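The structure under discussion appears below in the form of C-alpha cells.
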Amino acid sequence: MESTTEADHLPRTRSVLLHRKIELVSAPFVAASKRFTTHPRIAHLYPEYLITLHCVVRSTVPVMNAALGQATKLADTDPVAAGLTTYLERHIDEERNHDQWLLDDLEALGVSRSTVMARLPSLTVACLVGSQYYWVLHSHPVALLGYLAFAEGYPSAPTLIEELVARTGYPREAFRMLSEHAELDSRHGNELDQVIDSLPLTPDLEALLGLSAISTVCLMARCLDEVLERGEGIGIRHQEPASRR
Amino acid sequence: MSEALIKLSDLLAQPDARRSFLDDPEGTMRRYGVDPSDVPPALVDTLKSLSLEELEVISRVNTTLRARLTEEERRLMLQFPV
C-alpha cells in the first residue's frame, strides 16, 4: 500500500487533480527514464534523445500559435478561450527558439544540423503532436494545457542532469536544453497550474484537459522507449563525437 | 502489482464495468471481486474524478495504475521538455 504524502493533502484544485491523473499513468514514463539514465550505452542514447526531442520541440511554437488562433476566434463568446489568449501570447515568446538550443546541444556532440533535420519524425512523435493539433483545432484549444502540464510540470532534477553529464562524458554545452528547462519549468509549471485553476472549465473541458495530459504521458513514454530501441542497435550510427571531455 | 490492482485493471478494461464504476465505484469494485480497502485510497480518489472518456483511455494504456509519484520517482524522471 502506498503511504500518504504531503501531496495527498493539497486542496483539490483542478490543477492538483490534473497532476493526479498524470501520475496515475506515469509508471511507464518513470520506468523508461530509469532505463535510459542507467543504460550502459548512455553516450549513444543521449544524442538520440535530443534528436527525438527536436522532432517534438520544433512544433511547440507552431502548435501554440494554432491554439492562440483558435482561442482568439472563440474569445468573444467563450471565457475559457479568452483566458487562454493572455497566457498563450506570453508563453509563446518564452518558448521561442528552444529548438535552436537543441541544435546547439547536438552540435556540441558533433551531430550536424543537417543530420537532425534529415531524421524522419516517428509515428509516435506525429501522434503526440498531431493529437494536440486535432484537439486544438477541432475540439477546444484548452487541450494544449494538458500537454504542457506534463511537459513543463516535471522538470529533471539537477542531480539527474549532473549524473548524465558524468555518465556520458559529454561537455556541459550539450545539456543546455535540459538544464535551462530544469530551471525555467519550475516557474512555468507553477504559472500553468495557476492558469488552469483560474479558467472557468466545464466538466467536458476538464475531461478534455485530462485526456490530453494522459495521452501525453503515454506517448512521451513511448518516445523514450523508441530512443532506447534505436540506441540499442537499430537506429542511426553516430560518429564518435569529437568533443568528448 | 497487487492482486487488487490487477483485478481493478481488468474491471476498467470492460465497458459495462467502467460505466458502472462511474456511478458506484466502491460497489462496482466489490461486485468484481476487488476489496476497495486493498487499493490505495489516493488511487481510488483519482479514478473517481475521471470522466468515461478518461477511463477509456486509461483502460487502453495497459499500465500499472498508481497514485502519487514518490520523491525518488520524481528524481528519476528524465524530462521531455517542449
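In the text below, chain A, chain B and the rest are named by the order of the sequence lines, each starting its count at 1. All values reported here derive from a predicted model rather than from experimental measurement.
Of all heavy-atom pairs spanning V82(B) and L148(A), the tightest one is CG2-CD2, 3.9 Å. Minimum heavy-atom separation, R12(A) to S49(B): NH2-CB, 3.9 Å. Residues F80(B) and A151(A) approach most closely at O-CB, 3.9 Å, considering heavy atoms.
Put simply, CD1 on I214(A) and CG on L55(B) are 8.5 Å apart, with the number rounded to the nearest 0.5 Å. Here the straight-line distance linking atom CG of L178(A) with atom CG of L78(B) works out to 6.0 Å at 0.5 Å rounding. Note that CE of M177(A) and CD of Q79(B) are 8.0 Å apart. Values are rounded to the nearest 0.5 Å. If you take CD on E23(A) and CZ on R66(B), they are separated by 7.0 Å, rounding to the nearest 0.5 Å. Distance CD/E53(B) to CG/D204(A): 7.0 Å, rounded to 0.5 Å. With rounding to the nearest 0.5 angstrom, the CD atom of E206(A) is 10.0 Å from the CG atom of L50(B).
The environment of CD in Q14(B) is crowded: more than 12 heavy-atom neighbours from other residues, nucleotides or ligands sit within 6.0 Å.
Of the two parts of V56(A), only the side chain, counted from C-beta on, holds a non-hydrogen atom closer than 4.5 Å to a non-hydrogen atom of chain B. Contacts of L208(A) with chain B are absent, with no heavy-atom separation under 4.5 Å from either backbone or side chain. Residue L52(B) does not touch chain A at all, counting heavy-atom pairs closer than 4.5 Å. Contact of L184(A) with chain B is not made at all, since no heavy-atom distance falls under 4.5 Å. Of the two parts of Y154(A), the backbone and the side chain both hold a non-hydrogen atom closer than 4.5 Å to a non-hydrogen atom of chain B. Proximity to chain B is absent for every atom of A221(A), based on heavy atoms less than 4.5 angstrom apart.
Of the listed residues (T37(A), V30(A), D99(A), T52(A)), the greatest number of heavy-atom pairs within a distance under 4.5 Å of chain B belongs to V30(A). Interface summary for chain B: among V57(A), T159(A), V25(A), L160(A), the most heavy-atom pairs under 4.5 angstrom belong to L160(A). Taking P155(A), A27(A), C218(A), S26(A) one by one and counting their heavy-atom pairs under 4.5 Å with chain B, the maximum is reached by P155(A). Chain B forms the most heavy-atom pairs under 4.5 Å with one residue out of L24(A), V217(A), T60(A), L53(A), and that residue is L24(A).
Side chain of S33(A) to main chain of M77(B): no donor-acceptor pair is present (N/O by atom type, distance under 3.5 Å, no hydrogens or angles). Formation of a donor-acceptor pair under 3.5 Å by the E152(A) side chain with backbone atoms of P81(B) is not found in this model.
Note on E72(B) versus K34(A): no salt bridge recorded, every NZ/NE/NH1/NH2 to OD/OE distance being 4.0 Å or above.
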